[in-house]
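A short write-up of the structure that comes next.
In this text the structure is predicted, and so the values were computed from the model without any measurement. Every chain is numbered from 1, with letters handed out A, B, ... down the list of sequences.
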2 protein chains.
Amino acid sequence: MHAATLARPIEINSAPMVAPPGRGEEGHRPLTVYIAGNEIYGPGDEANGHYHIAFGAVRIYRLLADGRRQISAFHMAGESFGLEPGDRHQFFAEAVCATGLRKVRTLPALESMQGLLQLALEGMMRAQQHLLVVGRQNATERIGAFLLDMVERQGGLPQIELPMSRQDIGDYLGLTIETVSRTLSKLREKGVIKFHGLRSVEVCKPSLLEAICQ
Amino acid sequence: MHAATLARPIEINSAPMVAPPGRGEEGHRPLTVYIAGNEIYGPGDEANGHYHIAFGAVRIYRLLADGRRQISAFHMAGESFGLEPGDRHQFFAEAVCATGLRKVRTLPALESMQGLLQLALEGMMRAQQHLLVVGRQNATERIGAFLLDMVERQGGLPQIELPMSRQDIGDYLGLTIETVSRTLSKLREKGVIKFHGLRSVEVCKPSLLEAICQ
DNA sequence: CGACTCGTTGATGGTGGTCAAGTTTAGTGG
DNA sequence: CCACTAAACTTGACCACCATCAACGAGTCG
């Protein structure tokens, strides 16, 4: 269930050929393509830099001994992830869907340091914001906050494509898959959202969604 | 209830006189003393550095519109806090008990940058670890994880002094004050912990506590 | 000593978890 | 292109855990 690595990631050095439809900067670094479920790194793996997402999406998570999973973050195209203290990773990182990554090795220079600090602080901020959602909001509020976050991260357009499964959403929000499904159905019945496919959602009443999330 | 500032913090420039029983390094920076409930900063306040805790404890939190509070972190003597992205704070920081702080202004130098990065990454790590607790563990496991964390941060001794109230613990763990109280009572009845005062706890069976937390 | 805050304990109910079908979607091979 | 299969998702019934409401006890300060 928790996605064993199904196939090896493919490394592509001739970047221009396979450049994703996104921005073409940083094209000189090799692009590695992962398919859905591929592990990018796991606890204990050497950590010597971070990753930039050319396209696709990544989940960062931890497991409890009995298999309970908490996804602490999703990262989308254009974002960076993978910076951790120490020289060993403490989390799992997996491709949520077909994903292209460029690895960025850490340079001990001042200006790159400032960028890394910014990255780390934003990561801390996101985690602490998410803590408020998971710790103090009910199922409807959590789903609402999640949808609004996705809208914002996909450019503000009301139509969003969710790369992740209901299980992923549940493990991110601290809910079960059934509760995620039920809550989405309730929002659909109320006309707040509309489905154009299981993972294609249109937020019809964003103001109502914002009101739900307080 | 949520601690309005009761009195102004006291700034002391002649540090040696009031040096706390802790370590005496960094004694050249002015020490500011806050009493329990004092606000250190709030959302919108200018952020231009971080704080080092000489003695006492600090809570970092956010509020929802209806007053629900999520404490995202406690910081104890010897630790640092207050680093945030951008030039404005987005959280509240308050003294949990009588607390002495030294403000550290950010220098744009390489070596200080590396220290800040480490600080930010550890903060992110802590928040993400806490996310697992709040998102995926039940009340007993949360309390257990909290107690073990406090033991570790107070030097590993089984006897710990909790500077924070039950309400604080609840707002940190995403539980109500009643559930915190009941869970602690249950652990006491089972002989896992022992009280030497309302906020003085002895962990009699740390291994059992670890087992509870998985 | 009285008033206040903080903490504990009890009774009750609701939200969301669990278990158990169904249903839809996507993927595979004939 | 369609049948078959497996995975993903939905929906329902039931129940447990924790929140809520309420009362009471303990500690603290004036």
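Residue-level contact check: B:S165 touches the backbone only, with heavy atoms under 4.0 Å from sugar-phosphate atoms and none from bases. Within the 4.0 angstrom heavy-atom criterion, only backbone atoms of the sugar-phosphate kind lie near A:R199; the bases stay farther away. Within the 4.0 angstrom heavy-atom criterion, only backbone atoms of the sugar-phosphate kind lie near A:G174; the bases stay farther away.
Computed from coordinates, the A:L162 CG to C:dT25 P distance equals 16 Å when rounded to whole Å. Rounding to whole angstrom units, CZ of residue B:R68 and P of D:dC18 are separated by 18 Å. A straight line from CD of B:Q167 to C1' of C:dG7 spans 11 Å, rounded to a whole angstrom. Rounded to whole Å, atom C1' of C:dG17 lies 15 Å from atom CG of A:N138. Residue B:I143 contributes atom CD1, which lies 10 Å from atom P of D:dC18 at whole-angstrom precision. The nearest whole Å value for the distance from the NZ atom in B:K186 to the C1' atom in C:dG10 is 15 Å. Atom P of nucleotide C:dG7 and atom CE of B:M164 are separated by 11 Å, given to the nearest angstrom. Between the CG atom of B:D171 and the C1' atom of C:dG7 there is a distance of 15 Å, given to the nearest Å.
Remark: B:K194 NZ is loosely packed, at most 12 non-hydrogen atoms of other residues, nucleotides or ligands lying under 6.0 Å away.
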Nucleotides 10-12 of chain D: which of its N/O atoms have a protein N/O under 3.5 Å away?
from, atom 1, to, atom 2, distance (Å)
D:dT10, OP1, A:R166, NH2, 3.2
D:dT10, OP2, A:R166, NE, 2.9
D:dT10, OP2, A:S181, OG, 2.7
D:dT10, O5', A:S181, OG, 2.9
D:dT11, OP2, A:S185, OG, 2.4
D:dG12, N7, A:R182, NH1, 2.8
D:dG12, O6, A:R182, NH2, 3.4

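Within the 3.5 Å criterion, the main-chain N or O of B:R102 finds no donor-acceptor partner in the side chain of B:R29. For the pair B:E122 (side chain) and B:L119 (backbone), a donor-acceptor distance under 3.5 Å is absent.
Here the closest heavy-atom approach between residue B:H52 and residue B:S80 is recorded as ND1-OG, 3.5 Å.
Between A:F81 and A:Y51, the ring planes lie parallel to each other; the angle is under 30°, not in the 30° to 60° tilted range. By the 30° and 60° cut-offs, the orientation of the rings of A:F74 relative to A:Y172 is tilted.
A:Y61 pairs with exactly one of A:Y41, A:F91, A:F92 by the ring pair (Phe, Tyr, Trp, His ring centres under 6.0 Å) rule, that one being A:F92. In summary, of the residues considered (A:R69, A:Q70, A:R166), a side-chain contact (heavy atoms from CB on, under 4.5 Å) with A:D171 occurs for A:R69 alone.
In the helix from C:dC1-D:dG30 to C:dG30-D:dC1, the end axes, each obtained as the rotation axis mapping the C1' atoms of four pairs onto the next four within a five-pair block, lie 40° apart to the nearest 10 degrees.
Between B:I40 atom CD1 and B:T99 atom OG1 the span is 6.5 Å, to the nearest 0.5 Å.
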